[in-house]
Amino acid sequence: MKKILFVVLALGLTISNLAAHTSHYQNFKKIEMEILKDGKVIGYNFYFFNKEDDVMTIKNQIKFKVDLFGVKVFDFEGYGIEKHKDNKLISYESKTKQNDKEKFVNLIYEPKKDKFNIKGSSYTGLAETNNVIGSWWNHQILQADSQISPISGSIKEQVVTFLAKEKVELYGKIIEVDHFKLTSKDKNIPKDKRLDFDIWYDSKNAIIVKVSYSRMGNWEYRLKNYE
């Protein structure tokens, strides 16, 4: 089965609403997102926040499985820990099991070089600090020129385009949002590895409320709850 990728500005007003500060999340405790495929809930993606002194830690849990005619055809489970200090990423580590294949990322910020040092299952080497981890908790992904895979450590350049101001309904609640399109800058990348996401962002609460993409079906990440 082909690899399923997870993962990501045109208006000045929208850019100002996306100021990249993890301090926006210092009062958050958790973000809960449901994962749907073809309209059916198949798993979850949870983020847990903890602030101690000047370090914010975000723990990520993701799990889902795809069944076909009652038979499990795809199983995915992963865990990650992301740390920020003074609004800057200082470390990230994750372990992921995709069916029987294990993937990982170990990232550390090196102050002397002012770069990230990455050891991952798909990439090992240095990376510029303007990269962000490709996670849906952080609206900074809508500002970045490139992202680091939270699963394998690979780096992909991206283009983010503002589409429209819209209203979406989630779990019986109407939310005013900004709709963005996030795509790979390099169009020579194979289609099954390209970034190609629609993202709906609630600027009032500084939170991504919905993400959708198509790959062997229609996928959605929906914000169910946050504290």
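Scope of the values below: all heavy atoms of this structure, side chains included, with no hydrogens, waters or symmetry mates. Counting begins at 1 with the first residue of the sequence.
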Exercise. Determine, step by step, whether Y92 and I108 satisfy the side-chain contact (heavy atoms from CB on, under 4.5 Å) criterion, reporting the C-alpha distance in whole Å, the side-chain angles of both residues, the deciding distance to 0.1 Å, and the verdict.
Key: CA-CA 7 Å; Y92 175 76; I108 190 78; over 6 Å; no

Hydrophobic cluster membership, with links at side-chain heavy-atom distances under 4.5 Å among I/L/V/M/F/W/Y: are [X] and [Y] in one?
X    : Y    : value
L142 : I133 : no
I62  : F74  : yes
V168 : Y171 : yes
F162 : I207 : yes
I42  : F197 : yes

Answer yes if the ring centres of [X] and [Y] are under 6.0 angstrom apart, and no otherwise.
X    : Y    : result
W200 : F180 : no
W136 : Y201 : no
F64  : Y44  : no
H84  : F49  : no

Exercise. List the steps, then state whether side chain to side chain donor-acceptor pair (under 3.5 Å) holds for Y109 with D114.
Key: CA-CA 7 Å; Y109 171 64; D114 192 27; 2.7 Å; yes

Could you report the tightest heavy-atom contact between [X] and [Y], atom names first, then the distance?
X    : Y    : value
K193 : K156 : O-CE, 3.1 Å
P150 : S94  : O-OG, 2.7 Å
L195 : E157 : CD1-O, 4.2 Å
Q26  : M56  : CA-CE, 3.1 Å
S122 : S154 : CB-CB, 4.1 Å
V132 : I141 : CG2-CA, 4.0 Å

Looking at [X] and [Y], would you say the former's side chain and the latter's main chain have a donor-acceptor pair under 3.5 Å?
X   : Y   : result
D75 : N99 : no
D86 : K88 : no
D53 : V55 : no

With a 4.5 Å cut-off on side-chain heavy atoms, are [Y] and [X] touching?
X    : Y    : answer
K63  : F46  : no
T161 : T183 : no
W219 : S212 : no
I151 : V105 : no
I118 : T124 : no
I58  : I81  : no
F116 : T129 : yes
K59  : Y79  : no

Any chance you could measure [X], atom [atom1], to [Y], atom [atom2], to the nearest 0.5 Å?
X    : Y    : atom1 : atom2 : result
D198 : E220 : CG    : CD    : 10.0 Å
L223 : I175 : CG    : CD1   : 6.5 Å
Y221 : I208 : OH    : CD1   : 12.0 Å
K103 : S149 : NZ    : OG    : 7.5 Å
E32  : K224 : CD    : NZ    : 7.5 Å
F104 : S121 : CZ    : OG    : 5.5 Å

I'd like to know whether [atom1] of [X] has more than 12 heavy-atom contacts from other residues, nucleotides or ligands below 6.0 angstrom.
X    : atom1 : answer
K210 : NZ    : yes
E169 : CD    : yes
K95  : NZ    : no
K181 : NZ    : yes
E176 : CD    : no
K204 : NZ    : no

Practice problem: Before giving the answer on side-chain contact (heavy atoms from CB on, under 4.5 Å), spell out for L107 and N117 the whole-Å C-alpha distance, their side-chain angles and the decisive distance to 0.1 Å. | Solution: CA-CA 6 Å; L107 175 152; N117 190 337; over 6 Å; no

Quiz item: Does the side chain to side chain donor-acceptor pair (under 3.5 Å) test come out yes or no for N45 and Y47, once each step is laid out?
Solution: CA-CA 7 Å; N45 191 183; Y47 300 96; 2.9 Å; yes

Exercise. Apply side chain to side chain donor-acceptor pair (under 3.5 Å) to the pair S146 and N131, showing each step before the final yes or no.
Key: CA-CA 5 Å; S146 55; N131 286 286; 2.4 Å; yes

Quiz prompt | Ionic contact status for K165 with D178, cut-off 4.0 Å | solution =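 Yes, D178 and K165 are salt-bridged.
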
Quiz item: Which is it for N130 and D145 under the side chain to side chain donor-acceptor pair (under 3.5 Å) test, yes or no, and what are the steps along the way?
Solution: CA-CA 8 Å; N130 58 358; D145 293 325; 5.1 Å; no

Quiz item: Between F28 and Y25, how do the two ring planes meet: parallel, tilted or perpendicular, split at 30° and 60°?
Solution: perpendicular

Quiz item: Could you walk me through whether H179 and E166 pass the side-chain contact (heavy atoms from CB on, under 4.5 Å) check?
Solution: CA-CA 7 Å; H179 184 184; E166 300 176 356; 2.9 Å; yes

Practice problem: Apply salt bridge (charged side-chain N to carboxylate O under 4.0 Å, His left out) to K30 and E227, showing your working. | Solution: CA-CA 5 Å; K30 65 179 178 180; E227 297 178 8; 3.8 Å; yes

Self-check item: side-chain contact (heavy atoms from CB on, under 4.5 Å) between L170 and V209, intermediate numbers included
Solution: CA-CA 8 Å; L170 292 176; V209 301; 3.8 Å; yes

Quiz prompt | Qualifying salt bridge (Lys or Arg N to Asp or Glu O under 4.0 Å) pairs with a residue from residues 115-133, counting only residues at least two apart or across chains | solution =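 Listed once each, the pairs are K115-E128.
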
